[in-house]
Amino acid sequence: MANRRDTLCVQAGWNPKKGESRQMPIVQSTTFKYETSEQMGKLFDLEESGYFYTRLQNPTNDNVAAKIAALEGGVAAMLTSSGQAANFFAVFNICETGGHVISASNIYGGTFNLLGVTLPKMGIEVTFIDENASDEEINAAFRPNTKLVFGETISNPGVTVFDIERFANIAHSHGVPLIVDNTFATPVNCRPFEFGADIVTHSTTKYMDGHGLAVGGCVVDSGNFDWDRYADKFPGLCSPDPSYHGLTYTKAFGKGAYITKATVQLMRDLGAIQAPQNAFYLNIGLQSLHVRMAKHCSNALKVAEYLRDNEHIAWINYPDLDTDSQYEKKKKYLPNGSCGVMAFGLKGGREFSIKFMDSLKLINIATHVADCHSCVLHPASHTHRQLSEQQLIDAGISPDLIRLSVGIEDADDLIEDIEQAIAEACK
Ligand SMILES: *Cc1c(COP(=O)(O)O)cnc(C)c1O
């Protein structure tokens, strides 16, 4: 059976039998029917698996989650309503009040707020660390109550590459898993599990959907972390759950423990499900993900080379440029290309930058990245405007940073658009 990446993008998760629909169907139903009340009772006790209510599980969502799990090389996955929900569930599934999280500081603004502002309100402490800190400095951030380490394969919007293997080794030496947000790379360009990450999260809103259709998220488990070995750190997985008659997830579900708990406990109680209709759209996006990622990367490299050599550009970060500070890590983790997103600064200050962005015609100003349409954003005045100047710098965002997400249009048209907008800004 062929199971290479491109084939998985198209076919994984849904194998129709005789007479069934070729396209993965939407099961647009809240509930599922049973013949006896005993059958239903067994489902509620987790003694049998089956669908009963879409807040817990839905066949469309499960099929799409299975495709993403196959693409990442994981054992199981769960869709969520958004990338934010995915990161929250991934963390909260193993870290409750009294726990501590270590995170790279170079991460998406929404996740920075989730970890730095909202989790502390739930009694979870967070330490942000510079990804370039030494092993000793990172080791010193661990505490007895540390439950996990978090980072992004390619940070949004700083476009730095996370040294997954180094952080996985450090996390494991302290008996905790590494969670990696793989949104920008997608499993087409990087599979963090191959470098030791234990859990992967996604905002499927970005390249996976790829067309700007639906907000969504996903959590994937590698099945590799040995929770029982550190049972005292992870009581939620390794000791009885009173809400299921004292069932213990690791004993009952083995390698499926983490995703099963996230589904039957967190999703049951918090309810951040992805609508089956959105999962259906997501699957259509996934079917062409491998084709689109290659085009995003080749377009972005052309645009980045143009920008690098333009006299009005103060600096540019794009990992695929052989002059980029991230290029060595890019070669290791993202040999086929990173993604379509880059960050740069223009000479001439804030006013020049705003005039430049307002003069773009093909490239839109949009609070979005990573879809087929090219777009720009100025994080300091848009997505990250809540952050102080120091927090901006800590998150790898200089105040003049312009984030450009290169779509899958013709690269020469995009370059011409940039050229004319720079000329306008010079006037
Ligand atoms: C967009 C994004 C998120 C949040 O995802 P939503 O789907 O918008 O909730 C999380 N992580 C990264 C890296 C992102 O780019």
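Both counts, for ligands and for their atoms, begin at 1 and track the order of listing.
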Practice item. Could you tell me whether Lys206 sits above the aromatic face of Tyr108, with NZ or CZ closer than 6.0 angstrom to the six-membered ring centre and within 45 degrees of the axis? Key: yes
Exercise for review: Decide yes or no for Ser103 and Thr127: does some side-chain heavy atom of the first lie under 4.5 Å from some side-chain heavy atom of the second?
Suggested key: no
Quick check on ligand 1: any N or O pairs to the protein under 3.5 Å? One line per pair.
unit_1   : atom_1 : unit_2 : atom_2 : d
ligand 1 : 5 (O)  : Ser203 : OG     : 3.0
ligand 1 : 7 (O)  : Gly83  : N      : 2.8
ligand 1 : 7 (O)  : Ser203 : OG     : 2.8
ligand 1 : 7 (O)  : Thr205 : OG1    : 2.6
ligand 1 : 9 (O)  : Gly83  : N      : 3.1
ligand 1 : 9 (O)  : Gln84  : N      : 2.9
ligand 1 : 11 (N) : Asp181 : OD2    : 2.7
ligand 1 : 15 (O) : Asn156 : ND2    : 2.9
ligand 1 : 15 (O) : Lys206 : NZ     : 2.6

Sequence neighbours left out, what passes side-chain hydrogen bond (donor to acceptor under 3.5 Å, both in side chains) with [X]? Give chain and number order.
| X | result |
| --- | --- |
| Ser353 | none |
| Tyr249 | Asp241 |
| Asp410 | none |

Review point. Which of these, Val149, Leu178, Leu148, sits in a side-chain contact (heavy atoms from CB on, under 4.5 Å) with Asp198?
Key: Leu178
